[in-house]
Every structure is written in structure tokens, then in C-alpha cells.
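Residue numbers count from 1 along this sequence. Small disclaimer: the values here were computed from a predicted structure and weren't measured. Only heavy atoms go into these numbers, but all of them, side chains included; no hydrogens, no water, no symmetry mates.
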Amino acid sequence: MKHAFLCKNPASKELIVVLGGFSSHPSHFSHLTSSKNVILFYDYENFDFDFDFSSFSSLNLIAFSMGVCIASKLFKNLAFKQKIAINGTNLGIDKNKGIPAAIFTKTIKNFNLEDFKISLFKQHATLAKNFIFKNEKALQIELQNLFDFALKDPNENFIWHKIYSSNEDEIFPQKALKNSFKELIFLNQPHFAFFHFKTWDEL
């Protein structure tokens, strides 16, 4: 994984840890501001990370899409003040509580970046026109890595304090979130729901 600071505020000792979804890049979140420090983990070429969280006195977690599954495994031992999931589940890939494996494998085989962008952003496509993405081949590899990772050692018991679900999500089935969590906050947004917010602190 790669990581990059989206907001740096030296006066603050609070850190918002963001786990991006498949294909996420720092450019996708440039419209969001915060009075805290915000770091994004993204690019699932692998699942190694090297970051010292100890210099921050308070940690908050926001995970998006397949990032919810990744966080449930990689960050299970970190003490977060609040954990927020957006359009994803702990299992990630599952018949009832995630994206069905058959659909995921078909997506890997037939992946088309432009079609994916349409489903990801829908009515916000013009706002996302300058977003950066890897090439299709690299993204297919990332999809395969996510598939393999999600099926290993699932941690369904990872607790989230707030879960958002988009009513217009064409990527992650809303019924998977309903099957996974008791309380959801519904947004009239596509899978990429972040244009609903102006700051990270709103979430």
C-alpha cells in the first residue's frame, strides 16, 4: 500500500486514517478539508504499510468500499476513537455480506476503466474528470489482489460506529450492508459518496 497526507495540520495531534477503495488516489479526495491531520492508505498492489501512529494522541478511521474489509484485518489492533464505514462490509466478498465472488471475478476478467468510472461517480462524473487512475492492467492486478486478500482470515466482528450506505450504489450491493449491519445512514449518492461532504469532520 501507499500512503499520502491529504491534510496536514501540525497544531493538531488528531489523525483521521482513511482506507481508500479499489482504484482510490489522493486526487479523488482533494475537495475535502479538515482541521485535523488526514492520511490516505491506497493502491493495493500489496498490503504492507509502514507508518508510525504513535505521534498522534487520537485516531479516527474512515474506510471506503473494499477498504472496509482491509481495515477490519490490518487495523484491528489500533485504538480508534471513532470508526466509519462507507459502502463496504467487513467480508468484502461474500454471497450475502459483500460482493458475490462470481461477480467480482467477472469484473476482474472484463474490467473497463471508463465503464467503472460511470458506475463509480454517476451524476458527479464532471467533478471527477481530473481524477487520477492507474492503467487498466494495473487495476486488474489490484482487483485480483483484493479478491485474494478478502477471502483470507475474515474478521466479521470488527465494530463500526457509523455506517453509510448509498442508495444509488451500482458497485457494492446495498443489501450486503443491510445483511451486515443493524443501523445504516442512507445517502442519495452513487458508490463514491464523498461529494456529499465538504470536510472530513462532517462524516
Side-chain angles (χ1 to χ4, degrees), residues 1-90 92 120-121 124 127-134 142 146 149 155 157-166 172 177 181 183-203:
M1 291 192 300
K2 296 178 181 176
H3 63 264
F5 274 94
L6 302 177
C7 303
K8 264 196 169 185
N9 293 293
S12 173
K13 286 296 181 180
E14 294 187 70
L15 179 67
I16 298 174
V17 179
V18 181
L19 262 288
F22 161 68
S23 81
S24 286
H25 183 272
S27 62
H28 302 186
F29 306 97
S30 59
H31 68 286
L32 293 165
T33 61
S34 178
S35 59
K36 305 177 180 71
N37 299 282
V38 183
I39 190 168
L40 172 70
F41 288 86
Y42 68 105
D43 196 342
Y44 303 115
E45 192 174 289
N46 59 61
F47 297 92
D48 302 323
F49 69 94
D50 181 18
F51 184 78
D52 182 10
F53 295 95
S54 64
S55 58
F56 298 92
S57 59
S58 177
L59 301 177
N60 291 283
L61 176 64
I62 298 172
F64 169 52
S65 191
M66 288 300 291
V68 176
C69 172
I70 295 165
S72 73
K73 300 181 186 187
L74 294 188
F75 291 163
K76 62 185 178 182
N77 294 322
L78 287 175
F80 291 102
K81 182 179 177 181
Q82 185 179 49
K83 294 177 285 187
I84 299 169
I86 303 171
N87 293 329
T89 63
N90 288 337
L120 184 65
F121 301 118
H124 302 306
L127 296 174
K129 63 182 179 180
N130 294 320
F131 285 2
I132 296 170
F133 289 86
K134 296 190 294 187
E142 184 173 324
L146 286 166
F149 182 84
N155 179 19
N157 296 321
F158 194 76
I159 301 299
W160 299 90
H161 302 112
K162 190 185 291 187
I163 303 106
Y164 289 100
S165 177
S166 288
F172 211 104
L177 277 80
F181 307 113
E183 295 184 19
L184 298 173
I185 300 168
F186 295 103
L187 300 174
N188 290 321
Q189 293 291 320
H191 185 62
F192 186 87
F194 291 92
F195 287 120
H196 182 77
F197 307 99
K198 293 181 180 179
T199 73
W200 288 106
D201 308 280
E202 285 179 65
L203 276 79

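Using a 3.5 Å distance cut-off with no hydrogens or angles, the side chains of N87 and S65 do not pair a donor with an acceptor. No hydrogens or angles considered: nothing links the side chains of H196 and E202 as a donor-acceptor pair under 3.5 Å.
Annotation: side chain of F22 is not in contact with side chain of F64 (no heavy-atom distance under 4.5 Å). The shortest side-chain heavy-atom distance between K73 and F158 does not fall under the 4.5 Å cut-off. Residues S34 and L32 form no side-chain contact, since every pair of their non-hydrogen atoms from C-beta on lies 4.5 Å or further apart. A 4.5 Å side-chain heavy-atom check between L127 and F192 finds every atom pair outside the cut-off. The side-chain heavy atoms of I70 and L146, taken from C-beta on, include a pair separated by under 4.5 Å. Between F29 and V38, every side-chain heavy-atom pair lies at or beyond the 4.5 Å cut-off. D201 has its side chain within reach of S35: a pair of non-hydrogen atoms, C-beta onward, lies under 4.5 Å apart. Residues W160 and I86 are not in side-chain contact: their nearest non-hydrogen atoms beyond the backbone lie 4.5 Å or more apart.
We find the CD1-CD1 distance between I84 and I16 to be 8.0 Å, quoted to the nearest 0.5 Å. Taken from CD in E183 to CD1 in I163, the straight-line distance is 8.0 Å, to the nearest 0.5 Å. Distance NZ/K76 to CD1/I159: 14.0 Å, rounded to 0.5 Å.
A distance-only check finds no donor-acceptor pair linking the side chain of T89 to the backbone of L177 [under 3.5 Å]. Not one N or O on the side chain of N90 forms a donor-acceptor pair closer than 3.5 Å with the backbone of C69. Using modelled atom types, one side-chain atom of Y44 and one backbone atom of G20 make a donor-acceptor pair closer than 3.5 Å. Between the side chain of N37 and the backbone N or O of E14 there is at least one donor-acceptor pair closer than 3.5 Å. Of the possible polar contacts, none joining the K162 side chain to the Q82 backbone as a donor-acceptor pair under 3.5 Å is found. The main-chain N or O of L120 is never found under 3.5 Å from a side-chain atom of H191 such that the two would form a donor-acceptor pair.
Between F195 and H31, the distance separating the two ring centers is shorter than 6.0 angstrom. Side-chain rings of Y164 and F197 approach one another, their centers coming within less than 6.0 Å. Under the 6.0 Å cut-off for aromatic ring centres, F41 and F75 qualify, their centroids lying closer than that.
Closest heavy-atom contact between N155 and S72: ND2-O, 2.5 Å. When all heavy atoms of A71 and L19 are compared, the closest pair comes out as CB-CG, 4.2 Å. When all heavy atoms are compared, the tightest approach of S27 to F131 is O-CE1, 3.3 Å. Here the shortest heavy-atom pairing between P26 and A4 reads CG-CB, 4.0 Å. When every heavy atom of S12 is checked against every heavy atom of K36, the shortest pair comes out as OG-CA, 3.8 Å. Minimum heavy-atom separation, N46 to M1: OD1-N, 2.6 Å.
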Evaluate the side-chain contact (heavy atoms from CB on, under 4.5 Å) criterion for residues V17 and F51: first the C-alpha distance (whole Å), next the side-chain angles of each, then the deciding distance (0.1 Å), finally the verdict. CA-CA 11 Å; V17 179; F51 184 78; over 6 Å; no
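In this structure, H25 and H28 have tilted ring planes: the angle between them lies in the 30° to 60° band.
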